[in-house]
Amino acid sequence: MEFAFSIIAGLLIGGYIDGELDTDFPFFTLLGLVGGVTAGLSLLLRTLKLRQNPKDEDHEES
């Protein structure tokens with residue numbers, strides 16, 4: 001869900017900026033897409049890392 005939300009949010013924000021600036025090329029939409037995919041992958045990798053080593057994280061917080 002977080003991955004999909006990140007991508008959709010990036011597309012919507014980029015599309016909104018392109019609409020407000022009336023750009024010929026959808027530069028901000030593409031930038032939002034790349035940013036959304038990057039944020040989504042970051043969240044996904046962080047979640048996978050926490051699931052692999054839950055005991056290691058508990059010891060680091062103490």
Side-chain angles (χ1 to χ4, degrees):
M1 289 297 292
E2 292 174 345
F3 184 71
F5 178 75
S6 297
I7 294 172
I8 292 170
L11 282 172
L12 290 176
I13 292 170
Y16 174 76
I17 293 172
D18 278 331
E20 288 295 313
L21 297 178
D22 196 28
T23 57
D24 292 332
F25 183 76
F27 176 74
F28 291 102
T29 302
L30 293 175
L31 188 64
L33 175 64
V34 170
V37 168
T38 303
L41 285 175
S42 175
L43 288 169
L44 182 65
L45 290 175
R46 186 180 309 148
T47 302
L48 289 173
K49 184 178 176 182
L50 287 175
R51 287 187 183 210
Q52 286 179 350
N53 300 321
K55 293 180 183 177
D56 292 341
E57 289 293 323
D58 291 338
H59 293 297
E60 289 179 10
E61 292 177 3
S62 300

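Values below: all heavy atoms of this structure, side chains included; hydrogens, waters and symmetry mates excluded.
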* Structure fact -> Of Leu48, Leu43, Leu44, the one forming a side chain to side chain contact (heavy atoms under 4.5 Å, CB included) with Arg46 is Leu43
* To do: Kindly work out whether a path of hydrophobic side-chain contacts (I/L/V/M/F/W/Y, heavy atoms less than 4.5 Å apart) joins Leu45 to Phe3.
  => no
* Asked: Looking only at heavy atoms, what is the nearest atom pair of Leu21 and Phe28, with distance?
  -> CD1-CE1, 3.5 Å
* Examine Ile13 and Phe27 and state if one hydrophobic cluster contains both, with Ile, Leu, Val, Met, Phe, Trp and Tyr joined whenever side-chain heavy atoms are less than 4.5 Å apart. => yes
* Asked: Are Leu41 and Leu11 linked, directly or through other ILVMFWY residues, by side chains that come within less than 4.5 angstrom of each other?
  -> yes
* Approximate separation, where rounding is to 0.5 Å, of Ile17 CD1 and Asp22 CG -> 14.0 Å
* When rounded to the nearest 0.5 angstrom, what is the spacing between CG in Leu33 and OG1 in Thr38? -> 9.0 Å
